[in-house]
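Working notes, structure below.
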Number of protein chains: 4
Amino acid sequence: MSDNDLMMEHIFDKENFTEKQKKIIEAAIDLFSEKGYASTSTSEIAKKAGVAEGTIFRHYKTKKELLMSIVMPLITRLVGPIVVNDLNKVFDRQYDHVEDFLTALIENRKAILIKLLPIIKIILQEIPFQAELKSHIIEHFGEKAFNLFLNKIKIYQEKGQLIDMPPTSLARLMLTNMFGYLFSRYILFPNYEWDDELETERTIQSIMHGLGKKE
Amino acid sequence: MSDNDLMMEHIFDKENFTEKQKKIIEAAIDLFSEKGYASTSTSEIAKKAGVAEGTIFRHYKTKKELLMSIVMPLITRLVGPIVVNDLNKVFDRQYDHVEDFLTALIENRKAILIKLLPIIKIILQEIPFQAELKSHIIEHFGEKAFNLFLNKIKIYQEKGQLIDMPPTSLARLMLTNMFGYLFSRYILFPNYEWDDELETERTIQSIMHGLGKKE
Amino acid sequence: MSDNDLMMEHIFDKENFTEKQKKIIEAAIDLFSEKGYASTSTSEIAKKAGVAEGTIFRHYKTKKELLMSIVMPLITRLVGPIVVNDLNKVFDRQYDHVEDFLTALIENRKAILIKLLPIIKIILQEIPFQAELKSHIIEHFGEKAFNLFLNKIKIYQEKGQLIDMPPTSLARLMLTNMFGYLFSRYILFPNYEWDDELETERTIQSIMHGLGKKE
Amino acid sequence: MSDNDLMMEHIFDKENFTEKQKKIIEAAIDLFSEKGYASTSTSEIAKKAGVAEGTIFRHYKTKKELLMSIVMPLITRLVGPIVVNDLNKVFDRQYDHVEDFLTALIENRKAILIKLLPIIKIILQEIPFQAELKSHIIEHFGEKAFNLFLNKIKIYQEKGQLIDMPPTSLARLMLTNMFGYLFSRYILFPNYEWDDELETERTIQSIMHGLGKKE
DNA sequence: GATGAATGAGGCTTCATTCAT
DNA sequence: AATGAATGAAGCCTCATTCAT
């Protein structure tokens, strides 16, 4: 099973795609990610996918529907679970071994993260312009995962492992650091040679203990 | 002198703009920011600016030149200085009063930041697609400001005020937190009711001491 | 036997249609009549008929062939006879009872006329654009029925029951009134509440004696 | 001043058309009339008009707007007046000389009617499909001219010159004959050699006295 | 400097039709 | 006989840009 089939399976599972349809999705992901949704023409997608332009519209009523069909399932079925799992590991880390977290976060997720990177780029680009996308994210990530996350925070606060601060502010700061790392690592400077294990360790260190030296 | 004139002066100073040209720039900023560069048509800009379609091309050879004329000066003349100044204050904070930093950061910059927000949005959107823009930023911000920033970090490390960690990692973590706050505050959730003073305080607290409770 | 089967039998008799083919014809009649031939797509027809797009082209080589297969039989096998019969009754009326004519014209024909209305609309719409249709009509109605009609007129003129006027002009005036009534009744204002018996009576009165009062 | 300028002036007066726009309108009238609105492509219109396809859309937002811009003014400014005038003459004819009516109806109107024929064809074709067009006609012709017409009829009925019959039925029968003549003459058989004076005389004779011979 | 009509390439989408299953 | 995915030409329309005024 090829890499792309794997992605297809992960994101779009159970749907019966024709071979051409898969090609269209792959081409669209590549081009939307590289040139942006608005600057990618359907004729380019068709050419890259090796299909007639009309074929795209047999499967997707509009160009926008094609975009959404790529972007929505990822949000629905992957972002939530991944994020929630990974965040759990940050907390649990105080008890468990650091290596568990690192292995889990980096090794387990890295492959899929890199594979999903183009779609993530598309999502980040289009959030400001696609209201449906924004509301879908708020609904799936915001309301489910975020509340779950807030509850975790409260529990650890009660256990005395997190400082006193409104949970929403704590959440913002933790998420900022989590996403900031991924953003720097995979989007801003993907070509820089990262020592992933070490850098993840440092990110967590920063979240938990800050950058100021204790005297 | 109006608000917009003030912005014009700040960003585009010394250039003698005609009234029409100012209107074009203002309209372009609004529309690029709201709908994205690629999805904004020059005719829309002309209509919103109240000028004829041809007038835009009297001042700017192409639509892209209009984009660059908006986005480049901001980078050249504002982003660098602002960021460098503000970062200095984070470090100096260990000696000075927190209030100094807050006042400086929030009160002094808030007005101009909000005013520049649309242009910043445009820049963030277009970085991935405009190679010139990316290289311009690297040149003006990256190479000048970032090195300056790295030097500052080293100094404070030597003074024992920052933990031992490669300066580039430290930089990444600090900048992540700085920008993460601004991004959450002004781009992600501008409509949420923020207590700016408090939230800035918390951001700095997190950077310096982390979120884990010391026992 | 359903209403539609009845129509099918009347217009298309002896042809052995599959269930799907009947559905296609019915859907095509509805849509052509409602939106016009050129503005109706084969895929709409397929959807409304509940068949696959390809099925239409299994029975009809082209969209135009579908149109013709609907429109031609009606002309060949119904329009001529009906018109000739009805016109005979107008003439015979001077001797017979008015009621005979009314009963014949209205009660006998009304049901089938209403049922054929959609196809008649299609024919009227497409006459100017389909040369084959026009020549088919001239051939079947024009040359056969019209000459028959002219002969009738001449006979009644010789009997002194019609004024002296070239038979073609007489024909034009009589047909104008006949069709004008049907057109007003069923095409222009089908929703107005018509007293059909009375209005038919008036139409014939107008044809035979005019609208001016004799002193 | 050319023939077409004359039409332009009659139908679209006071509007400032560019030369290209006139060409577009002329080409559109020709093609819509000849092939039907739905079967005429904007690229054909552009080619026939000798302009770029984009030019059409500079003047008319949509193809439909082009249709309406051709068809609406004719209805608003010509059909009403012409019809009302001509109908008056039918009534007045009993007192005045027949020649007056004939001269007025045929000689005065013939030139403009022939010139407007293509547009009238377009209107007749599109009435069933363009709701706006239908309501525009009802508003401008129906409510204004028709009521005026009904009042005329009542007056002549009171004077004893028209038979007792509901005015709306009388109206239908008279209009049927009027339009029936024009329709036969200019739309159905424009190429037949018509003796217009005589045929108009016969039409009016038919309306007033019918086709049956008085003994 | 400013206009806005004109352009023509290209965008998204629809269409009638074909063909492997 | 029936399907429906696939096609590519064509349709309507938008766009950045040019140019005569």
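Protein chains get the first letters and strands the later ones, always in sequence-line order, with residue 1 at the start of each. Just the heavy atoms: all of them, side chains too, but no hydrogens, waters or symmetry mates, feed the values below.
- Atom CG of B:L66 is separated from atom C1' of F:dC15 by 15 Å (rounded to the nearest Å).
- Distance, B:Y60 OH to E:dG1 P: 11 Å, rounded to whole Å.
- Here F:dT3 presents its C1' atom at 12 Å from CD1 of C:I24, a figure rounded to the nearest Å.
- The nearest whole Å value for the distance from the CD atom in C:E53 to the P atom in F:dA2 is 16 Å.
- With distances taken from any side-chain atom of A:T55 to the nucleotides F:dT7, F:dA16, E:dA2, the minimum falls on F:dT7.
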Practice item. Take B:K121 and B:E34 through the test salt bridge (Lys or Arg N to Asp or Glu O under 4.0 Å) and record every step on the way to the result. Key: CA-CA 9 Å; B:K121 274 188 187 173; B:E34 182 193 334; over 6 Å; no
Exercise for review: Evaluate salt bridge (Lys or Arg N to Asp or Glu O under 4.0 Å) for C:K35 paired with C:E44, printing each intermediate quantity in order.
Suggested key: CA-CA 11 Å; C:K35 318 180 50 180; C:E44 270 176 300; 2.4 Å; yes
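- Closest contact between the side chain of A:H59 and the listed nucleotides F:dA5, E:dA2, F:dA2 involves F:dA5.
- The nearest whole Å value for the distance from the CD1 atom in A:I56 to the C1' atom in F:dA6 is 12 Å.
- The two residues B:M68 and B:P73 have their closest heavy-atom pair at O-CD, 3.8 Å.
- Cation-pi geometry between B:K63 and B:F32 is not met at under 6.0 angstrom from the ring centre and within 45 degrees of the axis.
- Checking side-chain atoms of C:S135 against main-chain N and O of C:A131 turns up a donor-acceptor pair under 3.5 Å.
- Residue A:T18 is classed as a sugar-phosphate contact, given heavy-atom separations below 4.0 Å to backbone atoms only.
- Base pairing annotation: F:dC13 forms a Watson-Crick or G-U wobble pair with E:dG10, both donor-acceptor distances under 3.5 Å.
- Atom pair D:K23:NZ and E:dT7:C1' shows a separation of 16 Å (rounding to whole Å applied).
- Taking 4.0 angstrom as the limit, C:K20 places a side-chain polar atom (N or O) nearer than this to OP1 or OP2 of F:dT3.
- Between the side chain of D:Y37 and the backbone N or O of D:L31, no donor-acceptor pair lies under 3.5 Å.
- Atom CG in D:L31 sits roughly 12 Å away from atom P in F:dG11 (whole-Å rounding).
- For C:F57, taking side-chain heavy atoms from C-beta onward, the closest of the listed nucleotides F:dC12, E:dA16, E:dG1 is E:dA16.
- The stretch residues 44-52 of chain D touches DNA chain E through D:V51, D:A52, each having a heavy atom under 4.0 angstrom from the strand.
- Nearest nucleotide to the side chain of D:R58, out of E:dA5, F:dC13, F:dA20: E:dA5.
- Between the NZ atom of D:K63 and the P atom of F:dC13 there is a distance of 8 Å, rounded to whole Å.
- Using a 4.0 Å cutoff on non-hydrogen atoms, the parts of residues 34-42 of chain A near DNA chain E are A:T40, A:S41, A:T42, ordered by number.
- In a base pair of the Watson-Crick type (N1 to N3 plus N6-O4 or O6-N4) or a G-U wobble (N1-O2 and O6-N3), with each distance short of 3.5 Å, E:dC19 is matched with F:dG4.
- Ionic pairing of C:E53 and A:R58 is present here: one or more N-O contacts between side-chain nitrogen and carboxylate oxygen are shorter than 4.0 angstrom.
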